[in-house]
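Let me begin by presenting the structure, written as structure tokens, before commenting on it.
Predicted, not measured: the structure shown is a model, and the values here were computed from it.
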Amino acid sequence: MNTVRPGVGTGSRIDLHCHSTASDGTLPPAQVVAAAHAAGVATLALTDHDSVAGLGEARATAQASGIHFVNGVELSTRWNGRDIHIVGLDFKLDSAPLLEGLESQHQLRRQRARAIAAKLEKLGLADAYARVGQQAGGGQITRAHFARLLIEAGICRDARRAFKQILGPGKRGYVASPWPAMEPAIGWIIAAGGSAVLAHPLAYRLTHSKLDALLTAFRAAGGTAMEVCTGNSDTTDIARMARFAQQHTLLGSVGSDFHDPAQRWRCLGGLAPLPPTVAPVWEQFRTAA
Ligand code: AMP
Ligand code: MN
Ligand code: MN
Ligand code: MN
């Protein structure tokens, strides 16, 4: 039974952005929930890249440990020539537009993975497609999986270098992003009764005016919230994001973007509380007690 009301003002007890082996996280969904529980998280959303495959296992584990669980997903989209990530929260799983959208994302990921693998094979990485598929184990294949292969093969020293030297835009292993525009992806989340949240607004490295334009377009397309506190935000970032949220009449979300316990800078629940000037997205959840 869920007895925990999403806490107001408890900040770090809420984490609405993390990954499991259903995409590029290193822990299976049940272990993500166990790790969140151990970290004192009371309200958790699992938000795998373009996949809801981990939600059943995560929800069952969360219920057993008394964690309030929220359905989540992180959609890969395009806006103004950039990859923009939209987190969907608290949606129904039986929505046809969302499920069809996710199936289309799955096909796009497979096709892109084949194309990236072909490029990496030319760089001397044998059997890249088979190996990345084996590593993903049926979950969505992301560039993070290719980065791990490149490190294993001794071609790159770490993930940052793998992206900078090979997997990033314009590099030898890059394949143009195939993602849909941001607006229809937001529509899938809305059709499923969920809230669309702009993920990690600072990760796009936009100028102030470009971020302003992105938030305007996001809001116009039906987006309701933005992440104000993320795993690596400092107090200046949080104050800046809170001002943007206020200016654009957006609710605030908090999410670590946890992928791997070895990455200490984005640990589950390791988040600052939402500033009081921003209304929390979780107060709108259908499942809030
Ligand atoms: P994809 O969605 O397949 O393009 O893969 C993007 C994923 O790769 C992100 O969700 C991160 O987990 C990871 N990633 C992206 N850029 C970097 C980077 N510079 N260093 C390490 N990991 C990255
Ligand atoms: Mn990722
Ligand atoms: Mn992301
Ligand atoms: Mn993420």
Side-chain angles (χ1 to χ4, degrees), residues 17-25 46-55 71-89 91 93-122 125 127-150 159 162-163 166-192 194 196-200 203-204 214 217-218 221-223 257 259:
H17 187 156
C18 64
H19 297 271
S20 75
T21 49
S23 64
D24 57 0
L46 179 67
T47 56
D48 275 302
H49 295 287
D50 304 303
S51 173
V52 293
L55 299 185
N71 285 340
V73 70
E74 182 173 14
L75 299 175
S76 308
T77 78
R78 295 284 284 176
W79 176 81
N80 216 6
R82 293 163 195 277
D83 284 14
I84 299 293
H85 289 180
I86 304 296
V87 162
L89 295 175
F91 48 80
L93 279 168
D94 59 359
S95 167
L98 177 62
L99 295 177
E100 284 161 17
L102 290 173
E103 176 54 28
S104 159
Q105 296 289 80
H106 182 63
Q107 297 304 334
L108 294 175
R109 280 201 172 272
R110 292 187 77 86
Q111 285 162 17
R112 186 186 67 153
R114 269 198 205 93
I116 294 174
K119 290 195 167 194
L120 298 187
E121 282 168 13
K122 285 201 185 116
L125 194 69
D127 294 326
Y129 188 68
R131 286 165 67 190
V132 85
Q134 201 174 17
Q135 192 200 135
Q140 295 288 33
I141 300 171
T142 74
R143 283 183 295 163
H145 294 95
F146 283 108
R148 287 176 206 146
L149 276 193
L150 289 164
F163 276 86
I166 297 180
L167 299 169
K171 305 300 174 189
R172 288 167 296 168
Y174 185 70
V175 173
S177 294
W179 316 127
M182 174 174 75
E183 291 81 357
I186 291 172
W188 306 340
I189 298 166
I190 295 171
V197 182
L198 180 70
H200 41 61
Y204 313 116
L214 169 59
F218 171 76
D257 208 3
H259 283 69

Answer yes or no: is there a donor N or O on one side and an acceptor on the other, between the side chain of [X] and the main chain of [Y], under 3.5 Å?
X	Y	answer
Arg109	Ile141	yes
Tyr129	Ala115	no
Lys119	Tyr174	yes
Ser177	Trp179	no
Thr77	Ile84	yes
Thr47	Cys18	yes
Gln140	Asp50	yes
Glu74	Asp48	no

If you round to the nearest 0.5 Å, how far is [atom2] of [Y] from [atom1] of [X]?
X	Y	atom1	atom2	value
Glu183	Trp79	CD	CH2	9.0 Å
Ser23	Leu46	OG	CG	7.5 Å
Gln105	Arg112	CD	CZ	10.5 Å
Arg143	Phe163	CZ	CZ	5.0 Å
His145	Leu150	NE2	CG	13.0 Å
Leu98	Phe91	CG	CZ	6.0 Å

Exercise for the section: Could you check whether the rings of His49 and His259 sit parallel, tilted or perpendicular, using 30° and 60° as the cut-offs? Expected result: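 It falls in the tilted class, 30° to 60°.
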Practice task
Can you spot which of Val132, Leu120, Ile166 makes a side-chain contact (heavy atoms from CB on, under 4.5 Å) with Leu125?
Solution key: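 Per the side-chain contact (heavy atoms from CB on, under 4.5 Å) rule, the option paired with Leu125 is Leu120, out of Val132, Leu120, Ile166.
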I need the minimum non-hydrogen distance between [X] and [Y], along with the two atoms involved.
X	Y	value
Gly54	Ala22	N-CB, 3.8 Å
Ala196	Ile186	CB-CG2, 3.9 Å
Ala144	Asp24	CB-OD2, 3.6 Å
Pro180	Trp188	CG-CH2, 3.9 Å

Side-chain heavy-atom pair [X], [Y] within 4.5 angstrom cut-off:
X	Y	value
Leu102	Leu75	yes
Arg78	Met182	no
Ile86	Val197	no

Exercise for the section: Begin from the C-alpha positions of Tyr204 and His85 and carry the test side-chain contact (heavy atoms from CB on, under 4.5 Å) through to its verdict. Expected result: CA-CA 9 Å; Tyr204 313 116; His85 289 180; 3.7 Å; yes
Problem - Residue Gln134 excluded, over 12 heavy atoms near CD under 6.0 Å - result: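 No, not enclosed.
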Exercise for the section: Before giving the answer on side-chain contact (heavy atoms from CB on, under 4.5 Å), spell out for Arg172 and Lys122 the whole-Å C-alpha distance, their side-chain angles and the decisive distance to 0.1 Å. Expected result: CA-CA 10 Å; Arg172 288 167 296 168; Lys122 285 201 185 116; over 6 Å; no
Handout entry: Step-by-step side-chain contact (heavy atoms from CB on, under 4.5 Å) determination, Val52 to Asn71
Key = CA-CA 8 Å; Val52 293; Asn71 285 340; over 6 Å; no
Handout entry: Pair His19-Asp257, side-chain contact (heavy atoms from CB on, under 4.5 Å): steps then yes or no
Key = CA-CA 7 Å; His19 297 271; Asp257 208 3; 3.0 Å; yes
Handout entry: Gln107 versus Gln111, side-chain donor and acceptor atoms under 3.5 Å
Key =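 There is no such pair (donor and acceptor under 3.5 Å, judged by atom type) between the side chains of Gln111 and Gln107.
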